Amino acid sequence: MAAPHDVKIGVIGGTGLYKLDHLEIVDEIYPDTPWGKPSSKIVIISTHTGLKIAFLARHGEGHIYNPSEIPSRANIAALKYIGVQVIIAFSAVGSLREEIKPRDFVLPVQVIDRTKGIRPHTFFENGIAGHASFADPFNEKLGKIIASHASALDNATLHLNKTLVCMEGPAFSTRAESNLYRSWGCDVINMSCLPEAKLAREAEIAYQMVCMSTDYDCWKTDIEVVTVDTVIQNLRANGENAKKLLVAVLGDVETAIKQDGFKDVRGPMKYAVITDRGMWTEDAKKRLEYLLPGYYT
Ligand SMILES: CSC[C@H]1O[C@H](OP(=O)(O)O)[C@H](O)[C@@H]1O
Ligand SMILES: Nc1ncnc2[nH]cnc12
């Protein structure tokens, strides 16, 4: 069945960014994917230039899912199904560096996976094994476009080329863990980048996470350790800046899509399957037809 929309830009809102209330809503859809329903309805929004974007609240309306419970496969599959080629994903993060102050923004270029294997994290299982390349987890072109609009932020610095560590949660880190991540060269920490970014790669969607610093986690001994309260206080300011940054970047992202600037993202998954062709199960082929039509028929 054909998707009800063809929207090329997806936006995933994290903690504190549950809607884009300054833009016009034109529709809401709630696709049933082979991996279930997404976290929330996908809201189709029209910008003041008439560009349509798809917004999805990662933790659901009312923040009902903890990070380990987020139906990331359904989220990514649903966005892909409606035509999304590019995802800008917002996330509240703890800062592991003095110079990344609460309310600053960060564009990571690398991520370290400290989730515990309890989250469903691949589309390639149960009948088709496949392996995506993930050396550079974020899309460089998209990152550069976003970086070029740093001046859209009010009273906040955009830090570039940083390393994110994604932990399981939901409890925050111990001080020993926080210091360990610092010693590994990590700059910011969250609980939501993975498997989202890996699944976007498998779905052949260009993906960049935009991190919004809310706290200094617990490594810094001269201030209070992170609590939900600290995160929420800083999120109010971050949310406004997130919307400003988003509005600023959309035009350039649209132009890049029109010029087929993300074409490198499409294609690799055709050759990522290692299971013998004759062994692909009908179920697996049907599931993957939803995600990557024509690849495994
Ligand atoms: C409420 S603090 C921990 C929570 O905040 C971040 O969420 P998101 O990435 O969706 O903005 C972090 O990853 C944790 O899930
Ligand atoms: N300190 C922290 N650790 C993990 N996720 C976070 N999200 C916001 N602050 C965080």
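Order of appearance sets the numbers: ligands from 1, and atoms from 1 within every ligand. All of these numbers come straight from a predicted model, not from anything done at the bench.
- A salt bridge links Arg73 with Glu125: the distance from a Lys NZ or Arg NE/NH1/NH2 to an Asp or Glu carboxylate oxygen falls below 4.0 Å.
- No N or O atom of Gly14 sits closer than 3.5 Å to an N or O atom of ligand 1.
- Remark: ligand 1 atoms within the under-4.0 Å shell around heavy atoms of Asn190 are 13 (O).
- Classification of the Tyr181-Trp184 ring pair by plane angle, with boundaries at 30° and 60°, yields tilted.
- Looking at atom 4 (C) of ligand 1, its nearest protein heavy atom turns out to be Thr15 OG1, 3.7 Å.
- Side chains of Glu224 and Thr230: a donor-acceptor N/O pair is absent below 3.5 angstrom, by distance only.
- For Lys220 and Glu98, the salt-bridge test passes: some basic side-chain N is under 4.0 Å from an acidic carboxylate O.
- A side-chain contact (heavy atoms from CB on, under 4.5 Å) with Val109 is found for exactly one of Leu164, Asn161, Leu160, namely Asn161.
- Set against the non-hydrogen atoms of Ser91, the atoms of ligand 1 under 4.0 Å away are 8 (P), 9 (O), 11 (O).
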Report all N/O contacts between ligand 2 and the protein shorter than 3.5 Å as a table of atom names and distances to 0.1 Å; if there are none, say 'none'.
{"residue": "ligand 2", "atom": "1 (N)", "partner": "Asp215", "partner atom": "OD1", "Å": "2.9"}
{"residue": "ligand 2", "atom": "1 (N)", "partner": "Asp217", "partner atom": "OD1", "Å": "2.8"}
{"residue": "ligand 2", "atom": "7 (N)", "partner": "Ala92", "partner atom": "O", "Å": "3.0"}
{"residue": "ligand 2", "atom": "9 (N)", "partner": "Gly94", "partner atom": "N", "Å": "3.2"}
{"residue": "ligand 2", "atom": "9 (N)", "partner": "Asp215", "partner atom": "OD2", "Å": "2.7"}

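- A salt bridge does not link Glu69 to Arg119: none of the charged side-chain nitrogens sits closer than 4.0 Å to a carboxylate oxygen.
- Remark: the Glu289 side chain and the Tyr295 side chain contain no N/O donor-acceptor pair separated by less than 3.5 Å.
- If you number the atoms of ligand 1 from 1 as listed, the ones under 4.0 Å from a heavy atom of Pro67 come out as 15 (O).
- Atoms of ligand 1 lying under 4.0 Å from at least one heavy atom of Met191, given by number and element, are 12 (C), 13 (O), 14 (C), 15 (O).
- A salt bridge links Arg266 with Asp260: the distance from a Lys NZ or Arg NE/NH1/NH2 to an Asp or Glu carboxylate oxygen falls below 4.0 Å.
- At the shortest separation from atom 3 (C) of ligand 1 among protein heavy atoms lies Phe172 CE2, 4.1 Å.
- Taking atom 10 (O) of ligand 1 as the reference point, the nearest protein heavy-atom neighbour is His59 NE2, 2.5 Å.
- Ring pair Tyr290/Trp35 is perpendicular by interplanar angle, where above 60° counts as perpendicular and below 30° as parallel.
- Under a 4.0 Å N-O distance rule, the pair Lys41/Glu61 does not qualify as a salt bridge.
- Using a 4.0 Å cut-off to heavy atoms of Arg58, the atoms of ligand 1 that qualify are 8 (P), 9 (O), 10 (O), 11 (O).
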